[in-house]
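Here's the structure we're looking at; comments come further down.
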Amino acid sequence: MESLSCKKVWLLDGAGLDHSKEIEHYEANNIDYLISTKESMNEDFYSFGRDADVLVAEASILIDEKLINQLSSCKGIVSFGTGYNHINIRAAQKRNIVVCHLNYCSEEVADHTLSLILMLLRRLSAYDKNLKSGIWNSISAKPIHRFRNVTIGLLGFGKIAQKVATRLLPFGFKIIVHDEYVDQSLFQKHGVTPVSLDKLLQQSNVLSLHVPLTKETSNLLNKENMRTLPENAIIVNTCRGGIIDEDALVQLIKEEHLSGAGLDVFLSEPPDMTQELFLMDEIILTPHAGYYSLESIEEMQTQSADSAIKIMKNEKPAYTV
């Protein structure tokens, strides 16, 4: 087995995440490692990172072409998460650097999505606020409909959306889906109805987003598209913030065309908390926390370390981009 005693892993983390399980793997294989923040990154580059064998990069750290071209020994870049749009893939390809990401939190994101949908449909935050303000009124949080009369639309039907559908079906919701890129047999398997994008927007009382952020999906939910949703519709986003025009969302809620939203992701993260978006009672907000559980954090670190070690052994890591 190839010795890894002279190998180096550079961990770039601007969010202060836990890396203890990863470190156990690196130490067990005698791999040198260093954790750098945004503040220490430039200094650490010259003392450690420039000749690291693998970079592990958390989503808030931009791995651009300039940085990639300065790496002298890098064989691979591991995104410390499911997304990888913070990494310049083309620049890495030019340098024959492998890029991979993680696939670790689909259960948690599906649970988070379900929780937001149920809270919004039953208006739990409004009831909670009213009751704590001394208002005892069982019909103060209108409108509320029986679940069997609610149509939920899933934009995208990958692994997470499929788990969301599995969780939603026992409640009696009608579930419609738009995804042109998955095997059509999955729709029947999961008991959902495929529709066009136009019909998805026109028929969804709740629209839940499950697509990657690409040129095709960026700002996909603009004012025009969101206005085609039924009156009092709800939008839930646990994928990527750039898919929604946040200003248009605020406007349509103020106009009472949309009744609310549940957002776990935002155009800028961390966002400007003074924006009107963060002051609206109709919107339930969470800090990009859909991925989180004790189990997912351990899985995240284990996958990351396994991928880094495989790259250093000249083996193909899982979930290569």
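No side-chain donor-acceptor contact under 3.5 Å links Glu269 to the backbone of Pro271. Side-chain atoms of Gln301 come within 3.5 Å of backbone atoms of Ser20 as a donor-acceptor pair (strictly under, hydrogens ignored). Formation of a donor-acceptor pair under 3.5 Å by the Ser218 side chain with backbone atoms of Lys215 is not found in this model. The backbone N or O of Pro212 lies less than 3.5 Å from a partner atom in the side chain of Thr217, making a donor-acceptor pair. In this structure a side-chain-to-backbone donor-acceptor pair under 3.5 Å is missing from Glu282 to Ala261.
Screening residues 116-144 for ring pair (Phe, Tyr, Trp, His ring centres under 6.0 Å) gives no qualifying pairs among residues at least two apart or on separate chains. Residue pairs satisfying the ring pair (Phe, Tyr, Trp, His ring centres under 6.0 Å) criterion with at least one member in residues 90-113, sequence neighbours excluded, are listed as follows: Tyr84-His101. Note on residues 275-321: pairs passing ring pair (Phe, Tyr, Trp, His ring centres under 6.0 Å), not counting sequence neighbours, are Phe266-Phe278.
Counting only N and O atoms by type, the side chains of Glu22 and His19 include a donor and acceptor under 3.5 Å apart.
Evaluation of the side chain to side chain contact (heavy atoms under 4.5 Å, CB included) rule for Asn42 yields no partner, not counting sequence neighbours. When the side-chain hydrogen bond (donor to acceptor under 3.5 Å, both in side chains) test is applied to Ser268, no partner is found at least two apart in sequence or on another chain. Residues passing the side-chain hydrogen bond (donor to acceptor under 3.5 Å, both in side chains) test with Glu216, sequence neighbours excluded: Tyr181. Scored by the side-chain hydrogen bond (donor to acceptor under 3.5 Å, both in side chains) test, Lys189 finds no partners at all (sequence neighbours excluded). Partners of His190 under the ring-ring contact (aromatic ring centres under 6.0 Å, His included) rule, at least two apart in sequence or in another chain, are Phe157. Take His86 and apply the ring-ring contact (aromatic ring centres under 6.0 Å, His included) test, not counting sequence neighbours, and it matches no residue.
With a 6.0 Å radius and a threshold of 12 heavy atoms from other residues, nucleotides or ligands, Arg95 has its CZ atom above the threshold. Heavy-atom neighbours of Glu256 CD from other residues, nucleotides or ligands within 6.0 Å: at or below the threshold of 12. More than 12 heavy atoms of other residues, nucleotides or ligands shown are found within 6.0 angstrom of CD on Glu255.
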List the atom pairs, donor and acceptor, that lie under 3.5 Å between side-chain atoms in residues 192-203 and the rest of the protein, sequence neighbours left out.
residue: Ser196; atom: OG; partner: Lys199; partner atom: N; Å: 3.2

Validation: residues 232-241 side-chain donor-acceptor distances under 3.5 Å, sequence neighbours left out:
residue: Asn237; atom: OD1; partner: Cys239; partner atom: N; Å: 3.0
residue: Asn237; atom: ND2; partner: Arg240; partner atom: O; Å: 3.0
residue: Thr238; atom: OG1; partner: Thr113; partner atom: OG1; Å: 2.9

N/O donor-acceptor pairs under 3.5 Å from side chains in residues 163-176, not counting sequence neighbours:
residue: Lys163; atom: NZ; partner: Glu107; partner atom: OE2; Å: 3.1
residue: Thr166; atom: OG1; partner: Gln162; partner atom: O; Å: 3.0
residue: Arg167; atom: NE; partner: Asp111; partner atom: OD1; Å: 2.6
residue: Arg167; atom: NH1; partner: Lys163; partner atom: O; Å: 3.2
residue: Arg167; atom: NH2; partner: Glu107; partner atom: OE1; Å: 2.6
residue: Arg167; atom: NH2; partner: Asp111; partner atom: OD1; Å: 3.1

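Between Asp128 and Lys132, at least one side-chain nitrogen of the basic residue sits less than 4.0 Å from a carboxylate oxygen of the acidic one, meeting the salt-bridge criterion. Lys254 and Glu276 are joined by a salt bridge, as a carboxylate oxygen and a charged side-chain nitrogen come within less than 4.0 angstrom of each other.
With contacts defined as side-chain heavy-atom distances shorter than 4.5 Å, the pair Ile68/Ile63 qualifies. Side-chain contact between Leu71 and Arg50 is absent, with no heavy-atom pair separated by less than 4.5 Å. Counting heavy atoms from C-beta outward, Asn130 and Asn137 have side chains that stay 4.5 Å or more apart. With a 4.5 Å cut-off on side-chain heavy atoms, Leu213 and Ile243 count as touching.
Counting all heavy atoms, side chain and backbone alike, Ile283 lies closest to Leu277 at CD1-CD1, 3.5 Å.
Geometrically, Lys8 does not engage Tyr33 in a cation-pi contact defined by less than 6.0 Å to the ring centre and at most 45° from the axis.
Separating the NE2 atom in His257 from the CZ atom in Arg227 is a distance of 6.5 Å, to the nearest 0.5 Å.
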Let me see the working for Asp51 and Ser72 under side chain to side chain donor-acceptor pair (under 3.5 Å), right down to the final yes or no. CA-CA 5 Å; Asp51 60 348; Ser72 61; 5.6 Å; no
